[in-house]
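Here is the structure we will look at, set down as structure tokens.
Every heavy atom of this structure was used, including side-chain atoms; hydrogens, water molecules and symmetry mates were not. Each chain gets a letter, A, B and so on, in the order its sequence line appears, and its residues count up from 1. The shown structure was predicted, so the numbers you read here are calculated from the model rather than taken from an experiment.
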2 protein chains.
Amino acid sequence: MSEMVLSKSLEDYLEVIYHIVVVEQAAKAKDIAQKMQVKASSVTGALRQLAERDLVNYSPYDQITLTRKGMEVAQDVVRRHEVLKDFLIKVLSIDESEADSVACQMEHAVTTEIIDRFTKFIEFVERCPRAGDSWIKGFDYYCGEKPQADYCRKCITQTVENFETNLKSGDEMNESTVRLNQVKPGSRVKITTNKLSGVTARRFQEMGLTIGSIVKVERVAPLGDPVEIIVKGYNLSLRKEDLDKIEGILLED
Amino acid sequence: MSEMVLSKSLEDYLEVIYHIVVVEQAAKAKDIAQKMQVKASSVTGALRQLAERDLVNYSPYDQITLTRKGMEVAQDVVRRHEVLKDFLIKVLSIDESEADSVACQMEHAVTTEIIDRFTKFIEFVERCPRAGDSWIKGFDYYCGEKPQADYCRKCITQTVENFETNLKSGDEMNESTVRLNQVKPGSRVKITTNKLSGVTARRFQEMGLTIGSIVKVERVAPLGDPVEIIVKGYNLSLRKEDLDKIEGILLED
DNA sequence: ACAAAATATTAGGCAAGCCTAACTTTGCGC
DNA sequence: GCGCAAAGTTAGGCTTGCCTAATATTTTGT
Ligand SMILES: [Mn+2]
Ligand SMILES: [Mn+2]
Ligand SMILES: [Mn+2]
Ligand SMILES: [Mn+2]
């Protein structure tokens with residue numbers, strides 16, 4: 001068993017299949033070929049390799065779906081892709097379609113630890129009162145023609161405003177992270193952290209409870225357990241001890 | 001002629017050869033092999049391809065050097081590498097050796113425009129009074145165990161301090177960019193921008209006047225032209241009109 | 001129900017990049 | 001100058017990942 005190192009190409013196939021099966025219930029070779037920009041015969045070859053590694057359920061002329069393990073790996077690739085794309089768009093202001101294609105190449109170069117670091121960084125930029133949206137706008141401005149003095153005047157003004165607003169409101173961060181088990185029925189949360197592991201982690205991921213997904217807490221049973229949540233349109237019922245390991249950002253209604 | 005799209009592998013060979021020839025005067029196949037972690041016979045194959053594209057001067061058993069074009073392309077690859085590595089180390093606090101190996105994979109995925117954006121961003125983080133070193137330290141802290149409230153108190157304090165210091169000193173940026181032709185003899189400058197193009201650009205690059213390199217202005221001739229500078233141990237004599245197109249950060253001392 | 005069209009697979013081939021093993025060339029010590 | 005070790009090259013082979021062409025299967029329309 002062990003390391004399961006996939007080639008860039010196979011990671012991309014997995015990614016493409018993932019994006020198909022979250023919409024349809026099974027992937028067609030033709031659609032995979034079209035999204036991968038390859039001929040159908042290349043898809044057959046890739047599917048054989050993925051099936052050999054137990055990442056897709058496949059046999060000739062049969063339905064193509066992801067196995068449990070395949071779903072897990074695919075989601076990991078997709079997460080790397082999305083985080084990098086987010087960084088390129090939100091922080092560097094690269095345009096969406098270029099960000100997407102560059103992210104899809106970079107995703108194969110980075111470890112999960114580096115992606116976590118990117119995630120934290122984006123989050124930090126969004127939430128730190130010294131940074132935030134206005135700071136990123138400042139960066140755009142800074143990238144312009146003769147920006148320095150002008151930018152800096154704005155920057156310092158903004159700094160003071162932020163400072164005063166923050167002190168007044170008592171809000172130290174721009175948004176607050178909560179654990180899912182602290183959330184009251186009716187609230188929505190954007191998932192940022194998932195510390196579950198093993199089988200439970202997999203199960204939840206498959207149910208759509210992934211980083212970045214938005215979850216609404218629906219009902220809490222009389223004894224606080226189980227808790228019913230809605231994610232991607234599905235109702236799920238989870239034990240409180242598991243919710244404890246999932247964090248997110250509380251969204252305004 | 002036109003696009004000259006090199007494979008990742010050939011870009012890496014070029015990069016390795018570059019790093020050798022800036023120290024020795026010619027590259028040995030054995031050393032290339034060792035740095036590329038590849039057998040010597042693979043090097044021969046790569047050299048043939050690079051020679052075919054006019055990037056290296058090579059024929060069997062002969063000296064291996066970079067052509068003008070090869071030097072240019074190599075420096076472009078090296079720049080992509082260094083900028084990404086810098087970002088990973090300075091902004092995300094990834095450790096040096098991992099940053100290096102990840103950068104060497106990412107470098108093949110990014111365009112020059114994206115690299116420019118990274119460069120500007122690193123510069124912005126270093127120079128903006130709202131960010132700077134203390135902000136990045138804040139990020140490290142933020143990544144720790146239970147950091148939020150605590151971090152934010154520091155952050156806000158720091159913001160105010162920065163604000164006051166900046167207002168007092170009248171310095172709006174943490175460091176100031178100067179054009180090389182404005183620099184007085186004896187000063188050192190870290191190059192950040194090079195707007196030269198064509199043959200001149202190439203010549204200067206070859207002489208070691210690259211982004212990030214540190215240059216000392218030695219003497220200015222009576223009429224202000226030429227100017228003598230030291231870069232990477234070499235004395236160079238440049239015309240004032242060219243210096244005009246090069247910018248950098250003035251270093252203390 | 002069955003032919004035609006669409007979809008998928010197989011077979012065979014090619015390029016890139018690496019390898020090992022066998023060879024040639026170079027250059028150094030004596 | 002000569003002989004030998006080190007360095008470099010060539011030949012041939014392997015894997016990955018793509019292709020085209022031919023074949024097989026499934027789906028669709030009547
Ligand atoms: Mn990809
Ligand atoms: Mn991708
Ligand atoms: Mn590289
Ligand atoms: Mn590199």
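- Put simply, A:Tyr13 has a side-chain N or O that comes within less than 4.0 Å of OP1 or OP2 on D:dC18.
- One interatomic measurement links the two molecules: CD of B:Gln34 to P of D:dA7, which rounds to 12 Å at whole-angstrom precision.
- Residue B:Arg48 places none of its side-chain N or O atoms closer than 4.0 Å to OP1 or OP2 of D:dT9.
- Looking at B:Lys190, B:Lys120, B:Lys90 one by one, the single match for salt bridge (Lys or Arg N to Asp or Glu O under 4.0 Å) with B:Glu126 turns out to be B:Lys90.
- Rounded to an integer number of Å, the gap from NZ of B:Lys28 to P of D:dT9 is 13 Å.
- Nearer to the 5' terminus of DNA chain D, by closest-nucleotide assignment, is the contact made by A:Ala46 (compared with the other of A:Ala46 and A:Pro60).
- Phosphate proximity of D:dG8 to B:Ser41: absent, as no side-chain N or O sits under 4.0 Å from OP1 or OP2.
- Not one side-chain nitrogen or oxygen of A:Gln37 sits closer than 4.0 Å to the OP1 or OP2 atom of D:dC18.
- With rounding to whole Å, A:Leu50 atom CG is found 13 Å from D:dT16 atom P.
- Residue B:Ser9 is in sugar-phosphate contact alone, with no base atom involved, counting any heavy-atom pair closer than 4.0 Å across all strands shown.
- The side chain of B:Tyr58 contributes an N or O atom lying less than 4.0 Å from OP1 or OP2 of D:dT9.
- Distances from the side chain of A:Tyr61 to the nucleotides C:dC18, D:dT26, C:dT24 place D:dT26 closest.
- Counted by atom type alone, B:Thr67 and B:Asn57 present zero donor-acceptor pairs between their side chains at under 3.5 Å.
- For the pair B:His108 NE2 and C:dG17 P, the interatomic distance rounds to 11 Å; values are reported in whole Å.
- A straight line from CD of A:Glu24 to P of C:dT7 spans 14 Å, rounded to a whole angstrom.
- Using modelled atom types, one finds a donor on one side chain and an acceptor on the other under 3.5 Å when comparing A:Ser59 with A:Asp62.
- Partner of A:Ile64 under the side-chain contact (heavy atoms from CB on, under 4.5 Å) criterion, chosen from A:Val43, A:Ile32, A:Leu50: A:Ile32.
- A side-chain contact (heavy atoms from CB on, under 4.5 Å) with B:Met71 is found for exactly one of B:Thr65, B:Val56, B:Leu66, namely B:Leu66.
- A close approach under 4.0 Å does occur between a side-chain nitrogen or oxygen of B:Ser42 and OP1 or OP2 of C:dC19.
- Summarising the geometry, the separation between CG on A:Asp62 and P on C:dT7 is reported as 18 Å, rounded to the nearest angstrom.
- Of the candidates D:dG8, C:dG17, C:dA8, D:dG8 carries the atom nearest the B:Ala29 side chain, counting heavy atoms from C-beta on.
- Considering B:Glu98, B:Glu107, B:Glu96 in turn, B:Glu96 is the only one that fulfils the salt bridge (Lys or Arg N to Asp or Glu O under 4.0 Å) rule with B:Lys85.
- Remark: the A:Thr44 side chain and the C:dT10 base include no donor-acceptor N/O pair separated by less than 3.5 Å.
- In this structure, the CG atom of B:Leu47 is 14 Å from the C1' atom of D:dT10, given to the nearest Å.
- Taking atom CD of A:Gln63 as the reference point, atom P of D:dT25 lies 18 Å away to the nearest angstrom.
- Checking C:dA8, C:dT10, C:dG17 against the side-chain heavy atoms of B:Ser7 singles out C:dG17 as nearest.
- Close to C:dT7, at under 4.0 Å from its OP1 or OP2, lies a side-chain N or O of A:Lys30.
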